[in-house]
Amino acid sequence: MKKLTKLTSVVLSAMLAVSMLAGCGDTASTSAPAANSTDNSAEASAPAASGDAKTFKIGAIGPFTGDAAIYGLAVKNGADIAVKEINLAGGINGYQIEYNSQDDELDNEKSVNAYNALKDWGMQVLVGSTTSGCSIAVSAESSADNMFQLTPSGSAADCIATDNAFQVCFNDPNQGVASAQYIGTTGLATKVAVIYNSQDPYSSGIYAKFAKEAENQPFEIVSAEAFTSDSKTDFSVQLQKANDKGAELVFLPIYYQEASLILTQASSAGYSFKFFGCDGLDGILGVDNFNKDLAEGVMLLTPFAADATDERTQAFVKNYQSNYGEIPNQFAADAYDAVYIIKAAIEAAGATPDMSVSDLCDAMKAQMSQISVDGLTGLSMTWDAQGAVNKAPKAMEIKNGEYSLIQ
Amino acid sequence: MKNYFSKNKDTLITLGIVAFAYVIIEIMVKQGAISSLFKGLLVPLCAYVILAVSLNLTVGILGELSLGHAGFMCIGAFTSAFFSKLTVGVINPDWLRFVFAILIGFVFAGLFGFLIGMPVLRLKGDYLAIVTLAFGEIIKNLMNVLYVGRDSKGLHVSIKDAVSLGLEDDGQILINGAQGITGTPKDSTFTAGFILIMISLIIILNFIKSREGRAVMAIRDNVIAAESVGINVTRYKLLAFSLSAALAGVAGVLYSHNLNSLMATTKNFGYNMSIMILVFVVLGGIGSIRGSVISAVILTLLPELLRGLSTYRMLIYAIVLIAMMLFNWAPSARAFRARIIAKLPFGAKKALNEEV
């Protein structure tokens with residue numbers, strides 16, 4: 001009797017295992033699974049009748065939960081707006097777009113899971129991942145599948161190491177070199193301090209190239225102090241060190257939240273540095289409880305400013321605000337551009353949704369070095385053979401509480 | 001022979017379940033009846049099962065609460081990924097390199113377990129838990145400041161930044177501080193994971209049954225009594241702790257060779273992960289190896305199966321976790337289950353056994 005119960009328990013647990021597997025069985029060959037399709041109808045504006053391959057399926061990946069949710073959600077929403085606009089205007093080559101987005105919790109492993117989930121949904125083109133580390137992890141998988149990948153904001157050089165991957169944002173090396181050259185040629189300072197986030201590939205990537213290029217420039221890096229994501233609230237040590245070494249300018253290749261703290265703490269300690277940053281500083285004027293006067297005179301190289309006066313940016317900002325209740329940041333603009341870049345590449349290739357993922361990727365890859373796209377984050381963007389974007393950085397200075405272009 | 005089977009029935013059933021699951025999944029993979037999401041989850045599943053089983057050795061058998069298990073996984077992951085990155089193209093074929101990587105992960109994580117265990121195991125209970133938590137964080141943070149590069153002059157090491165490595169132009173950065181190791185060869189396969197699970201299970205289940213295992217359990221149940229019969233408490237505690245750490249290192253090897261980009265974040269090697277592994281162990285039953293295997297599988301799959309719920313996913317996941325924990329371990333829920341089982345025709349005797 002006891003043997004029998006043991007046996008039944010083994011059989012039952014095996015059955016349980018099999019039924020669990022069957023639950024997540026093959027969905028790629030059929031149309032979208034039930035759970036996902038309800039998800040889509042809430043998210044995408046694509047028509048419901050889409051079982052057959054009459055639509056382009058675009059997927060996005062980013063952190064929608066956790067610390068970096070602000071970036072992931074911006075990408076998700078920015079791409080969503082672009083998809084809706086394109087669908088309203090008649091789609092790509094006459095085909096509508098279906099859009100789905102998956103959470104990666106800012107974890108490389110989960111990002112690969114999200115990619116696989118999107119693949120099951122039938123994704124043909126990927127907008128993602130939002131962050132560099134995740135993007136690198138996913139590109140190893142997408143390159144094995146030969147799926148076209150366009151990361152809106154993964155800026156590390158390794159993000160585009162595979163030939164199917166392209167970037168919308170500047171990559172870090174270019175920003176570092178451009179910043180060093182700008183400071184050197186305009187003679188802003190002779191002694192420069194750097195404060196950067198060593199845990200962030202974006203920040204340390206820029207710093208590495210900045211330091212290298214600084215050797216050729218007529219200024220000297222007198223202190224380079226790092227912080228990590230675990231210690232990003234108190235910068236008094238870093239600032240004091242910069243002051244002791246006699247720095248005139250502090251280079252901040254970091255995001256605006258930390259930069260706003262640095263500006264506040266520098267001002268309360270009575271230091272009067274000039275500050276210079278990259279595109280991560282964009283948004284600093286929108287930080288809650290931040291005294292905008294402190295940002296006066298801060299210079300930054302950025303591709304996107306939400307208060308730019310051109311028609312498309314204003315329409316995008318208005319649309320984003322009415323849908324999501326906040327001012328879009330650079331990530332949203334990058335994702336918005338990403339969808340339009342995909343549209344341009346598909347149109348140039350004359351591709352149709354019934355092509356296989358791999359054929360579509362090959363067709364789009366061939367066009368990427370040919371096309372030139374006007375977007376929110378830059379006019380006439382082009383791509384080199386590696387997949388890095390070519391667009392002019394805009395040097396901005398904050399004057400009277402507004403971003404103004406330095407001519 | 002018959003005696004052997006009846007003596008080791010429990011072990012054989014656990015191994016049998018794992019082997020059976022492996023065969024079923026392999027068949028499904030071969031027939032293409034499996035989604036890519038699930039296929040991508042197979043290797044992480046194996047890593048988490050090994051982690052849960054190895055932590056159960058510390059928590060269940062040794063009876064000490066460790067909150068730094070992810071730190072040992074981190075050591076295994078980084079040492080082996082570094083080795084593979086260094087020797088890719090040098091050691092052929094790939095499987096041989098992977099075997100070496102596994103051994104390296106096992107040895108280094110075990111070594112650190114031994115070194116950390118020596119001071120830490122002098123503490124008990126909550127104190128030990130806090131100190132292991134701190135050690136786990138130290139390991140993670142050390143990995144975050146370590147820069148290693150290679151050029152024609154050999155290896156360069158720095159704990160400042162990548163620039164101070166002073167690499168030549170054709171130099172290659174192997175470990176890039178907080179950005180970790182990029183481009184680890186993808187050697188982990190489901191079959192390798194399955195073999196490693198089986199080996200871990202055999203090691204642990206036999207360890208529990210061995211003379212050493214009984215000594216460890218004696219220490220867990222009553223230290224003074226164990227000492228009084230001449231058991232060397234420090235030695236056996238260290239043995240179990242290092243073995244547990246070494247197996248966590250193996251899980252780290254599996255984990256790192258499945259991902260192109262390996263970074264030490266709070267999420268994957270910090271206290272979040274340590275507690276996650278502890279949750280596997282507690283849900284599956286402290287001291288129950290088979291329970292750890294099953295709960296690790298269920299809790300790894302659950303958030304992925306809930307993807308359809310979009311942004312509510314993590315909320316629902318937490319609620320399901322609470323519900324499962326209550327259903328499994330709340331006294332009234334256990335009594336309720338016993339009553340249900342007693343009503344089933346084949347469950348009557350089992351329920352009786354459990355009551356006693």
(message) Heavy-atom cut-off 4.5 Å, strictly under: side chain, backbone, both or neither for K110(A) against chain B?
(response) both
(request) Among the options A264(B), P44(B), G16(B), pick out the one with the most heavy-atom pairs lying under 4.5 Å from chain A. (result) P44(B)
(request) With sequence neighbours excluded, tell me which residues meet ring-ring contact (aromatic ring centres under 6.0 Å, His included) with Y196(A). (result) Y207(A)
(request) Tell me, for S198(A) versus chain B, whether the close heavy atoms (under 4.5 Å) come from the side chain, the backbone, both or neither. (result) both
(request) Report yes if the side chains of L259(B) and E109(A) come closer than 4.5 Å at any heavy-atom pair, otherwise no. (result) yes
(request) Between chain B and each of K212(A), E141(A), K209(A), count heavy-atom pairs under 4.5 Å; write down the option with the most. (result) E141(A)
(message) Please classify the contact between A114(A) and chain B as side chain, backbone, both or neither, with a heavy-atom cut-off of under 4.5 Å.
(response) both
(request) Using modelled atom types only, decide if a donor and an acceptor are shared between the side chain of D120(A) and the backbone of L37(B) within a distance under 3.5 Å. (result) yes
(request) State, to 0.1 Å, how close A140(A) and N260(B) come at their nearest heavy-atom pair, and which atoms those are. (result) CB-CB, 3.4 Å
(request) For atom NZ of K267(B), decide whether the heavy atoms of other residues, nucleotides or ligands shown that lie under 6.0 angstrom number more than 12. (result) yes
(request) Compare every heavy atom of S261(B) with every heavy atom of G133(A), then report the nearest pair and how far apart it is. (result) O-OG, 3.4 Å
(request) Check whether any side-chain N or O of R307(B) sits under 3.5 Å from a backbone N or O of D103(A) as a donor-acceptor pair, and report yes or no. (result) yes
(request) With a 4.5 angstrom heavy-atom cut-off, could you sort out which part of N176(B) is near chain A: side chain, backbone, both or neither? (result) neither
(message) Could you check whether atom CD1 of I159(B) has more than 12 heavy atoms from other residues, nucleotides or ligands sitting under 6.0 Å from it?
(response) no
(request) Please state whether the side chain, the backbone, both or neither of M263(B) comes within less than 4.5 Å of a heavy atom of chain A. (result) both
(message) Going by ring-ring contact (aromatic ring centres under 6.0 Å, His included), name the residues that satisfy it together with Y317(B), two or more places apart in sequence or in a different chain.
(response) none
(request) State, with a plain yes or no, whether a side-chain heavy atom of N113(A) is found less than 4.5 Å away from one of L41(B). (result) yes
(message) Do N116(A) and K39(B) have side chains that approach each other closer than 4.5 Å (heavy atoms only, starting at C-beta)?
(response) no
(message) If we define contacts as heavy-atom pairs under 4.5 Å, which of D158(A), I136(A), N197(A) has the most with chain B?
(response) I136(A)
(message) With heavy-atom distances below 4.5 Å as the criterion, would you say the side chains of E105(A) and R313(B) are in contact?
(response) yes
(message) Does atom OH (Y271(B)) have a neighbourhood of more than 12 heavy atoms from anything else shown, all under 6.0 Å?
(response) no
(request) Select one option (side chain, backbone, both, neither) describing which atoms of A208(A) are under 4.5 Å from chain B's heavy atoms. (result) both
(request) Please report the shortest heavy-atom distance between Q179(B) and S204(A), naming the atom on each side. (result) NE2-OG, 2.5 Å
(message) Is N108(A) in contact with chain B via its backbone, its side chain, both, or neither, using a 4.5 Å heavy-atom distance?
(response) both
(message) Using 0.5 Å steps for rounding, measure from the CG atom of N268(B) to the CG atom of L106(A).
(response) 10.0 Å
(message) With a 4.5 angstrom heavy-atom cut-off, is it the side chain or the backbone of Y312(B) that approaches chain A, or both, or neither?
(response) neither
